[in-house]
Amino acid sequence: MAVTVETHASLAEAARALGMDGTYLGGGTVLMRGVNAGGVQGRIVRATDPGLRMISAAGDGLRIGAGATMADILASREAEFLHPVARMIGGPQVRAMATVGGNLFAPHPYGDFAVALIASGARAELVQGGVRPVEELVRERGGVGARPPLVAAIELPRPREARAFGFLKVSRVKPKGVSVLSLAAWLPREGGRIRGTRVAWGAMGPHPLRGAGAERVLEGQALDAATIARAAQAAAEGLEPPTDALASTWYRREVAGVHLKRLLERMA
Ligand SMILES: Cc1cc2nc3c(=O)[nH]c(=O)nc-3n(C[C@H](O)[C@H](O)[C@H](O)COP(=O)(O)OP(=O)(O)OC[C@H]3O[C@@H](n4cnc5c(N)ncnc54)[C@H](O)[C@@H]3O)c2cc1C
């Protein structure tokens with residue numbers, strides 16, 4: 001079957017043009033591989049609306065257009081707390097094309113940016129209307145060429161203090177290899193205790209997901225050595241990481257606690 005690409009000036013027009021059989025193209029770093037391999041065929045739809053790449057801050061919140069690239073994130077002062085995340089995604093060519101929207105639906109072991117968004121409690125504005133937690137959208141995603149709801153933008157809070165947000169990625173090839181695992185934590189403190197703990201993992205399941213074991217241990221506690229040790233012990237609870245060419249299920253479970261401990265010590 002032939003592949004056709006349709007370009008629209010706005011995301012709303014692109015959404016209408018998608019119909020039942022179109023596939024939306026973000027930066028194409030994942031999708032075009034599918035096209036080249038023959039797995040994605042038919043109509044591909046894209047939008048050139050410059051608003052899709054806008055990043056803006058209002059009060060404690062941040063709004064990131066779904067078409068913002070990792071390079072756009074790195075150029076944004078408002079999104080500074082996300083620079084360590086964007087910097088760890090691919091090399092410069094990939095970062096110039098890879099979008100925030102596409103990262104939500106990129107298959108394992110990708111999705112490092114989605115890990116950071118899930119940890120921060122981000123929500124996705126859908127073109128069809130409504131807002132949904134990123135965590136939910138990512139859980140429901142299909143494979144390359146699947147047709148998830150079209151995301152217009154992401155809304156998330158900005159951390160009030162630098163140590164409230166942390167991100168760590170483990171890869172075999174440095175600095176730009178794909179993830180053995182990635183990990184983000186959102187640990188706001190009130191009176192010295194963590195209130196509203198969120199921990200998210202990448203490459204530790206079929207999609208980026210919350211770390212319930214670590215969250216249970218950390219909530220309401222001071223981030224001291226004893227709490228960090230208990231969180232590290234609970235790190236892999238409920239996680240079923242896949243085995244792939246980078247690491248086995250056993251290895252990923254074994255090292256989860258070590259890396260969680262390193263991240264938490266940085267955030268203490
Ligand atoms: C060499 C290389 C290295 C890479 N390294 C990393 C890495 O280190 N970490 C990492 O996380 N990823 C990595 N990736 C994967 C990829 O580049 C990123 O995940 C990127 O963010 C995907 O975004 P994209 O815009 O290119 O997605 P696309 O390829 O355009 O799309 C991917 C999927 O998302 C859907 N989609 C895109 N935008 C939207 C939207 N707004 N709403 C709904 N659906 C949408 C598409 O329909 C498609 O199903 C790498 C890729 C390559 C080729």
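When reading the values below, keep in mind they use all heavy atoms of this one structure, side chains included, and skip hydrogens, waters and symmetry mates. Each ligand, and each atom within it, is numbered from 1 in the order the structure gives.
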Minimum heavy-atom distance between Phe167 and Leu263, given as atom pair plus value: N-CD1, 3.6 Å
Would you mind checking if Arg198 and Glu215 are paired as a salt bridge, meaning a charged N to carboxylate O distance below 4.0 Å? no
Can you name the atoms of ligand 1, numbered from 1 with element, that are less than 4.0 Å from a heavy atom of Arg33? 53 (C)
Does a donor on one side chain sit under 3.5 Å from an acceptor on the other, for Thr243 and Thr249? yes
Could you pull out, from Tyr110, Phe105, Tyr24, the option with a heavy atom nearest to atom 50 (C) of ligand 1? Tyr110
Proximal atoms of ligand 1 relative to Asp112 (non-hydrogen, under 4.0 Å): 7 (C), 8 (O), 9 (N), 10 (C), 11 (O)
How far does CZ of Arg266 sit from CG of Leu223, to the nearest 0.5 angstrom? 12.5 Å
I'd like to check whether Met70 has a polar contact with ligand 1, where a contact means an N/O of the residue lying under 3.5 Å from an N/O of the ligand. no
Judging by distance only, is a nitrogen or oxygen of Gly90 under 3.5 angstrom from one on ligand 1? yes
Of the listed options (Ala15, Ser171, Gly27), which comes nearest to atom 24 (P) of ligand 1 when hydrogens are ignored and any heavy atom counts? Gly27
Does Glu190 come within less than 4.0 Å of Arg160, counting only side-chain N to carboxylate O? no
Over all atoms of both residues, closest heavy-atom pair of Ala235 and Ala256: CB-C, 4.0 Å
Side chains of Thr7 and Arg46: donor-acceptor distance under 3.5 Å anywhere? yes
Over all atoms of both residues, closest heavy-atom pair of Met267 and Arg189: O-NH2, 2.9 Å
What are the atoms of ligand 1, with element, lying closer than 4.0 Å to any heavy atom of Ala106? 19 (O)
So for Leu150 against ligand 1, with non-hydrogen atoms under 4.0 Å, the contacting part is both
Output the list of atoms in ligand 1 that are nearer than 4.0 Å to some heavy atom of Lys169, sorted by atom number. 7 (C), 8 (O), 9 (N)
Give the numbers and elements of all ligand 1 atoms closer than 4.0 Å to a heavy atom of Ala66. 41 (N)
Evaluate Ala98 for polar contact with ligand 1, using N/O atom pairs at a separation under 3.5 Å. no
Please indicate whether any nitrogen or oxygen in Gly26 is less than 3.5 Å from any nitrogen or oxygen in ligand 1. yes
Hey, is Pro149 one of the residues with a heavy atom under 4.0 angstrom from ligand 1? yes
Arg123 atom CZ: more than 12 heavy-atom contacts under 6.0 Å: no
The atoms of ligand 1 lying under 4.0 Å from a heavy atom of Gly111, numbered in the order shown, are 10 (C), 11 (O)
Close approach of Met88 to ligand 1, heavy atoms, under 4.0 angstrom: yes
Among Thr29, Val40, Asn103, which one has a heavy atom closest to atom 17 (O) of ligand 1? Thr29
If a pair satisfies side-chain hydrogen bond (donor to acceptor under 3.5 Å, both in side chains) and one of its residues is in residues 101-113, list it, with sequence neighbours excluded. Arg33-Tyr110, His108-Asp244, Asp112-Lys169, Asp112-Ser179, Asp112-Ser182
If you look only at distance, which donor and acceptor atoms sit under 3.5 Å apart when one is on a side chain in residues 84-94 and the other is two or more places apart or in another chain?
none

If the cut-off is 4.0 Å to any non-hydrogen atom of Pro148, which atoms of ligand 1 fall inside it? 44 (N)
